[in-house]
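The structure appears below as structure tokens.
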Amino acid sequence: MTEGTAKKFMFVNRTAPYGTAYALESLEVVLISAAFDQDVSLVFIDDGVFQLKKGQQTKGIETKNFSPTYRALEGYDVEKLYVDQESLVARGLTEADLIVDVTVLPSRELGALMDEQDVVLSF
Amino acid sequence: MTEGTAKKFMFVNRTAPYGTAYALESLEVVLISAAFDQDVSLVFIDDGVFQLKKGQQTKGIETKNFSPTYRALEGYDVEKLYVDQESLVARGLTEADLIVDVTVLPSRELGALMDEQDVVLSF
Amino acid sequence: MKFGILVNEGPYQHQASDSAYLFCKAALAKGHEIHRVFFYHDGVNNSTRLTEPPQDDRNIVSRWTKLAEAHGVDLVVCVAAALRRGIREENLAPGFRISGLGQLVESGIEADRLVVFGD
Amino acid sequence: MKFGILVNEGPYQHQASDSAYLFCKAALAKGHEIHRVFFYHDGVNNSTRLTEPPQDDRNIVSRWTKLAEAHGVDLVVCVAAALRRGIREENLAPGFRISGLGQLVESGIEADRLVVFGD
Amino acid sequence: MLHIVNKSPLERNSLAACLRIAGSGTILLIEDAVYGAIRGTTVEAAVKEALVRFRIVALQPDLDARAVADRVIEGVGTVDYAGFVDLVAEHRNCQSWL
Amino acid sequence: MLHIVNKSPLERNSLAACLRIAGSGTILLIEDAVYGAIRGTTVEAAVKEALVRFRIVALQPDLDARAVADRVIEGVGTVDYAGFVDLVAEHRNCQSWL
């Protein structure tokens with residue numbers, strides 16, 4: 001598929017990791033979508049920003065730690081990661097707390113980015 | 001089982017009807033518990049108060065309207081229905097909006113009632 | 001217009017599957033096409049042929065089956081989510097098929113709109 | 001002390017079943033008794049023998065089965081919730097049994113504490 | 001863009017997130033989110049304020065099920081499922097705020 | 001009474017409901033509710049204020065999983081699953097704010 005016909009896919013992540021499986025299973029779709037040569041972006045809003053928190057240790061809850069997968073996204077050419085600034089601030093987090101490089105945007109700029117999408121997937 | 005050994009069971013309803021099945025399936029346990037001669041009470045908090053709203057018409061969502069069951073509770077000797085006053089007010093509701101007679105209590109009095117329970121079931 | 005649908009929640013516990021079904025029915029009635037309904041997360045639980053709801057309640061699974069039969073709607077269950085949750089060929093209801101997540105992405109590409117129903 | 005446990009959510013989608021399991025394991029390790037684990041709402045989906053999670057993930061269903069086998073924990077699946085969601089004897093994992101809601105109320109009466117895990 | 005919200009704004013933050021992030025467009029309230037469409041609640045003021053920027057519509061069958069169809073905020077519209085389909089078709093794209 | 005909360009207070013109203021209704025006792029934060037136990041969030045002030053009336057404890061394995069164990073509010077305790085079991089046993093009754 002050529003660049004011209006690629007659709008803009010956005011994955012919206014608004015849920016914390018581990019409390020529910022949405023974060024993990026969302027990531028599985030992102031990885032698959034990379035194979036389809038679409039224009040893929042991920043946004044992290046509200047408790048979704050916690051998915052990117054550095055230092056997750058899941059041994060005590062006997063569940064797989066999937067946060068290293070975010071680091072692997074680059075290898076799949078998924079490089080557009082956006083984080084809602086207000087969500088970070090409301091949670092006392094800064095970019096330095098995050099496991100990957102992201103673009104932090106004010107809420108309304110994130111909204112403008114959403115407006116440009118063809119397909120928005122939220123879980 | 002004699003009155004003396006009956007346990008105090010409280011069912012806490014905090015979810016709106018139809019968006020999820022918690023309200024319906026909670027009611028099914030309440031009806032069963034009536035057969036065990038325990039001291040049963042129901043409390044409605046937050047969006048749970050909407051479960052009791054008069055005039056539900058579910059034809060358009062093709063789902064069973066279970067709200068008449070609240071009226072049937074009396075026949076099962078389940079007569080202690082408490083509603084959180086603050087929750088009602090926050091939703092613009094009054095006792096006149098409700099399908100059954102209830103005791104409306106300020107939040108802290110409801111809290112005191114919870115403290116007295118042996119078993120608290122929430123869904 | 002061609003619609004793709006994503007259902008993220010199972011039957012009965014959440015309204016998502018009901019809303020998605022009623023949306024599909026209304027779209028078909030208006031002459032639109034439902035390109036595919038993709039079942040992901042607990043949504044895969046909509047595809048078990050073993051459900052037996054009370055007589056006075058809707059049968060969510062068989063409604064989907066009938067929609068597939070009457071309108072040729074492609075009902076796809078995510079294989080990874082299904083394996084985790086115990087959905088296999090042996091308990092799959094008629095009209096559903098198990099396939100990969102690629103089918104969801106493809107639906108996003110091929111449909112004019114993709115609508116998500118979940119919790 | 002005798003604990004009763006109520007699980008309202010299915011495996012993998014919500015942490016409820018994981019938390020309940022780890023609570024039970026810790027209680028047993030401290031010499032307490034788990035009187036019964038009752039599975040209600042989507043919690044009934046914890047009892048399907050058809051799950052096949054990825055190799056690198058926990059197997060939620062078989063963990064419950066092993067707990068039942070090792071400690072004689074009574075795992076009860078609500079029949080009404082199970083019928084709606086497609087859980088029957090034919091796909092029930094070992095260690096689980098299907099019964100009525102009365103078993104939940106009974107657990108509340110007989111146990112010293114009833115702890116609820118859900119969404 | 002069409003924003004679809006399905007959670008009660010009295011219980012969760014999804015409508016608030018939508019209002020904070022989206023600049024304009026149409027908001028369709030379905031399922032438990034229809035409680036955001038009614039008068040007298042603690043979120044009524046925020047919804048009224050949002051009417052300046054957004055077209056806001058609630059799903060009639062969900063209002064009926066919850067017995068709140070008689071108290072819809074002035075300026076908030078209603079649609080049935082056919083109207084829901086039309087809204088999706090009319091907008092270039094849509095997003096569900098789950 | 002032991003109050004068990006499992007939802008993020010930044011997302012849902014269950015911790016707020018617990019704080020409004022319960023007069024005293026112990027609050028155990030598990031699963032996503034452990035975000036209520038940390039410094040720097042918009043709910044920190046409410047949680048600190050609640051420390052006057054409640055003993056508040058967070059589940060360590062859930063703090064670890066979410067990588068927030070290093071920022072627990074002063075005065076909020078932590079327990080492992082064995083401590084969770086002890087809390088249930090020590091209190092005459094318990095309630096989950098789902």
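Everything numeric in this text was worked out from a predicted model, so none of it was measured. Scope of the values below: all heavy atoms of this structure, side chains included, with no hydrogens, waters or symmetry mates.
Ranked by heavy-atom pairs under 4.5 Å with chain F, the list D/Lys30, D/Lys25, D/His32, D/Met1 is led by D/Lys30.
By a heavy-atom distance cut of under 4.5 Å, not one residue of residues 37-55 of chain F is near chain D. Within residues 86-98 of chain F, the residues having any heavy atom less than 4.5 Å from a heavy atom of chain D are, in residue-number order, F/Asp86, F/Val88, F/Ala89, F/His91, F/Arg92, F/Asn93, F/Cys94, F/Ser96, F/Leu98.
Proximity to chain F is absent for every atom of D/His14, based on heavy atoms less than 4.5 angstrom apart. Residue F/Ile4 touches chain D through its side chain alone, counting heavy-atom pairs closer than 4.5 Å. Heavy atoms of D/Leu6 lying under 4.5 Å from chain F are absent altogether.
Between atom CG of residue F/Asp80 and atom CG of residue D/Leu22 there is a gap of 11.0 Å, rounded to the nearest 0.5 Å. Summarising the geometry, atom CD belonging to F/Glu31 is positioned 8.0 Å from atom CG belonging to D/Asp18; distances are rounded to the nearest 0.5 Å.
The shortest non-hydrogen separation linking F/Ala82 to D/Ala26 is N-CB, 3.9 Å.
Between D/Gln15 and F/Asn6 the shortest side-chain heavy-atom distance does not fall below 4.5 Å. Residues F/Tyr81 and D/Ser19 are in side-chain contact: their nearest non-hydrogen atoms beyond the backbone lie under 4.5 Å apart.
Residues passing the salt bridge (charged side-chain N to carboxylate O under 4.0 Å, His left out) test with F/Arg66 are F/Asp32, F/Asp62, sequence neighbours excluded. Shown here are the side chain to side chain donor-acceptor pair (under 3.5 Å) partners of D/Asn45, two or more places apart in sequence or in another chain: there are none.
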